[in-house]
Protein chains: 4
Amino acid sequence: MTAATTPSGRTAPRGRIDKRQAILDAAFAVFARRGYENACVREIAEEAGVAKPTVYNHLRDKENLFRHAIGAAADTVMAENLAAAERLRTPGDDLRAALKDTAYRMLQVCCGERARALRWLTYAQVGGFPDLIETVQERTHGRLGEALADRLARLSLAGRLRPCDPALAAEQLLALLTGPMEARSRLGTRAVPAAETRAVAEAAVDTFLRAYGPTA
Amino acid sequence: MTAATTPSGRTAPRGRIDKRQAILDAAFAVFARRGYENACVREIAEEAGVAKPTVYNHLRDKENLFRHAIGAAADTVMAENLAAAERLRTPGDDLRAALKDTAYRMLQVCCGERARALRWLTYAQVGGFPDLIETVQERTHGRLGEALADRLARLSLAGRLRPCDPALAAEQLLALLTGPMEARSRLGTRAVPAAETRAVAEAAVDTFLRAYGPTA
Amino acid sequence: MTAATTPSGRTAPRGRIDKRQAILDAAFAVFARRGYENACVREIAEEAGVAKPTVYNHLRDKENLFRHAIGAAADTVMAENLAAAERLRTPGDDLRAALKDTAYRMLQVCCGERARALRWLTYAQVGGFPDLIETVQERTHGRLGEALADRLARLSLAGRLRPCDPALAAEQLLALLTGPMEARSRLGTRAVPAAETRAVAEAAVDTFLRAYGPTA
Amino acid sequence: MTAATTPSGRTAPRGRIDKRQAILDAAFAVFARRGYENACVREIAEEAGVAKPTVYNHLRDKENLFRHAIGAAADTVMAENLAAAERLRTPGDDLRAALKDTAYRMLQVCCGERARALRWLTYAQVGGFPDLIETVQERTHGRLGEALADRLARLSLAGRLRPCDPALAAEQLLALLTGPMEARSRLGTRAVPAAETRAVAEAAVDTFLRAYGPTA
DNA sequence: CATGAATGAGATTTCATTCAT
DNA sequence: AATGAATGAAATCTCATTCAT
């Protein structure tokens, strides 16, 4: 942060790698594969290549470490999802195709490694850190719903969707996408072939458009 | 069996009969409020009113205890859900009303104490016990989807729904119900007023019927 | 003990197998393969085919069980050894051959399954049950030494060995036999080929006779 | 390292240096008086003046602790025995006296506190750690036998013993020494008076020399 | 700032032993 | 006499966290 401007200095001759970032990355990785309780600080420190007290110096305690690691991952996942939703800003002539494309991209994000780990950790710790979970939920699902609602509102105003409550429409579109995927991937334990993912996206959009498409 | 008829005679000089059930109940309660790792067998034993080794005598180890407690809870939740789905066997004249009624009942089950705890534990341990989770998932969500698909197939044949893939329709109806509820209850951390629950059910059914209702 | 006179009724149509004997046998077997502390009463009961409390009914506690099991095994081993020593009662013309034969037989006993297990258990528990160990030691090694000393005294009187302290001679003969065997069998962990065992016996007797043989 | 020079400064604010050695010493002491299974790490930690996890930090687990403690004790005992055997390098004119002196010294070592404890532990755990026991056996008995054989070979070459297999001679001399001592000390449970120890040594050497002394 | 070493607390599990039938 | 069920006690080991350098 001091010298280099690239926060994760790709291949740049990074002078001092940010230990803090290394710790957070390692923490998310370890939390993801072990869960919160089973993850031990020693393993995180090893994965980050630092000594245990260094972790405590930077992030005070295990809980804080978890909160920061989760927060960072949530931001990343959300950015990816919003990027996918942006696609709807320029729907082109074929709305159905644009929706399907957007939907498929979002599903890809949701099925990705990071999003799956984040979802598991989120659910797993909803009892232990309800406030954190709520924050994450709002910064991810909530934020995505809003972005989607914005797009749908524009489309409705433009007459390309029938008049509707855009928040509700967005909520239902998301549900039609993620619900079946969770079921088919068995909560993320089995990989879903790309073709099936695409089929889920298309079925969701078809149903959505029958319900929300412009009236004949 | 001879003298005492109290099935759970607290401190009665005979404690042979339903110790196992008491342990399983206590286990689910403790797992539900502490999570798998934080739950300790001592607490479960205390809650069940038995000594710690008794727990081990009956259920071998913590993992086995967890599996049985989860399995039992899953069966209970499923039975409740199937009972709600049965409502669709006699839809009466007003299909929309019947669907909304069924939907609302299922949401009530899903938002109940036990179902919420089961959902949390399921997600939380999907990394640790993938096989168990898969089983639970199939015995609950999967089974419910099938039951629902059966009903929808009948309705479709009867011309009260347009021709469709009943499995897909059931999957999407379930998604339209549970997805929004998860979002609004913040993964189950906040109570959703009955009115809002009903609204979710109605919106889901309305959307569903626009997509799957009989063609004009 | 009541009806049948065969204490371990070989193939006889044993009316009531002696549970007590079955327990003692099982106990020795389990103690032998697990050691005293690692042997658990449950396993002994299983091996004996009875329930755990039955073991306690018959033998009061684990310590008592151990004492009786060890005692019985010691008696058996001792009987075998004494039988071998008896051979010296009729030495025949060739004393050297008679001694070698006796020595070899005793080594066979000492290397047998039971004697080895007994030796291990004895040493292992010498700290925990010093009195028992002392008893066993006297009933086995001590008793054998005396028997041997008797034979050697006769031989000495008969002029077939030079005048000597027969107790000391017996002690040293035993030492020349068992010491090298313990070393070569690595305390009983590796099998010693019969040829090597015989060589040990012969070397012991040769040395013994050079020291105690009749003066030229 | 800067302020305190006391190598084991009891409660000094620095305890970094010889904790490991203190733990190993304490471990051998506790194992010696309790046996492997009955020794508990808590007691070892207390005896060493450290906290329980410190024991685990330094030696990983109870088994490893045992192996190291035994190994160290074996080395010490062996060094003492080899020092005694060295005596034979300068036998002087009176071979018999030199042998008796050496023999007595070795018996003193063998009857010492540490050697007795080592022997008990060795036998007791021969079932549980056969590889360790074998190692110990070779590093002690085996090594001593070789050293002794070397001395005897020299003496034989010098004509002070008759031509013989020195390994066998050493083996038998050791047996003549330790065998009777084990019997008389009842496996180490009772103290043998110095006079009796000396008598055993002399008897062993006398017998040995009659068998292996120079031919008249 | 980074670290090696140390520790207090607590979890799972096993075992010998005893009731009550 | 024999047993299924229950229990008090204890042991191994792990972890989050803190000194002192």
Side-chain angles (χ1 to χ4, degrees), chain A residues 16 19-20 23 37-45 48-65, chain B residues 1-3 12-17 19-20 23 37-45 48-63 65, chain C residues 16 19-20 23 37-45 49-65, chain D residues 1-4 12-17 19-20 23 34 37-45 48-65:
Chain A
R16 267 322 77 211
K19 288 214 170 169
R20 188 189 161 94
I23 292 172
E37 343 273 351
N38 287 339
C40 69
V41 178
R42 176 180 46 73
E43 190 176 356
I44 293 175
V50 302
K52 226 187 323 177
T54 304
V55 176
Y56 284 88
N57 285 343
H58 278 274
L59 284 127
R60 198 169 70 247
D61 61 10
K62 196 185 179 186
E63 173 171 338
N64 204 250
L65 182 51
Chain B
M1 226 36 107
T2 59
R14 38 184 326 293
R16 213 63 56 75
I17 1 175
K19 291 250 157 124
R20 187 190 163 95
I23 291 172
E37 343 272 351
N38 286 339
C40 71
V41 177
R42 176 180 47 73
E43 189 176 357
I44 293 174
V50 303
K52 222 184 328 172
T54 303
V55 177
Y56 284 89
N57 282 345
H58 278 277
L59 284 124
R60 197 170 68 249
D61 60 10
K62 196 184 178 185
E63 173 171 337
L65 181 52
Chain C
R16 268 320 80 211
K19 288 218 169 166
R20 187 188 161 95
I23 292 173
E37 343 273 350
N38 286 340
C40 69
V41 178
R42 177 180 46 73
E43 190 175 357
I44 292 174
V50 303
K52 226 185 324 175
T54 303
V55 175
Y56 283 88
N57 285 344
H58 278 274
L59 283 127
R60 198 172 67 251
D61 59 11
K62 195 185 180 186
E63 174 171 337
N64 204 249
L65 182 52
Chain D
M1 223 54 88
T2 59
R14 38 184 323 293
R16 211 64 53 76
I17 0 174
K19 290 249 158 125
R20 187 189 162 94
I23 291 171
R34 293 260 195 268
E37 343 273 351
N38 286 339
C40 72
V41 178
R42 176 180 46 73
E43 189 175 357
I44 293 174
V50 302
K52 220 186 330 171
T54 304
V55 176
Y56 285 91
N57 282 346
H58 279 277
L59 284 124
R60 199 171 67 248
D61 60 10
K62 196 185 178 185
E63 173 171 337
N64 204 249
L65 181 53

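It should be emphasised that the depicted structure is a prediction, and the values quoted were computed from it without experimental measurement. In what follows, chains carry the letters A, B, and so on, assigned in the order in which the sequence lines appear, proteins first and then strands, with residues in each chain numbered from 1.
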Can you pull out every side-chain hydrogen bond (donor to acceptor under 3.5 Å, both in side chains) where at least one residue sits in residues 50-64 of chain C? Sequence neighbours excluded, please. C/Glu63-C/Arg67, C/Asn64-C/His68
Using salt bridge (Lys or Arg N to Asp or Glu O under 4.0 Å) as the criterion, list what pairs up with B/Glu43, not counting sequence neighbours. B/Arg33, B/Arg34
Measuring to OP1 and OP2 of F/dA5, would you say a side-chain N or O of B/Thr54 lies under 4.0 angstrom away? no
Output the rounded distance in Å from CG (B/Leu65) to P (E/dA11). 15 Å
What one-letter contact string describes nucleotides 9-14 of chain F from 5' to 3', where B marks a base within less than 4.0 Å of any protein heavy atom, S marks contact via sugar-phosphate atoms alone, and - marks no contact? -BSSBB
Can you list every stem that DNA chain F is part of, counting only runs of 3 or more consecutive Watson-Crick or G-U wobble pairs with both distances under 3.5 Å? E:2-21 with F:2-21
Mind calculating the distance between NZ (D/Lys19) and C1' (E/dT7) to the nearest angstrom? 10 Å
Please report the closest heavy-atom contact between D/Val55 and D/Ala45, naming both atoms and the distance. CG2-CB, 3.8 Å
When the nearest nucleotide of DNA chain F is assigned to B/Asn57 and to C/Val50 on a heavy-atom basis, which residue is associated with the more 5' position? C/Val50
Looking at C/His58, does any N or O in its side chain come under 4.0 Å of the phosphate oxygens OP1/OP2 on F/dA2? yes
Kindly give the heavy-atom pair with the smallest separation between D/Ile23 and D/Leu65, and that separation in Å. CG2-CD1, 3.9 Å
I need the CD-P distance between A/Glu43 and F/dC15, as an integer number of Å. 9 Å
For atom CD1 of B/Ile44 and atom P of E/dG10, their distance in whole Å: 18 Å
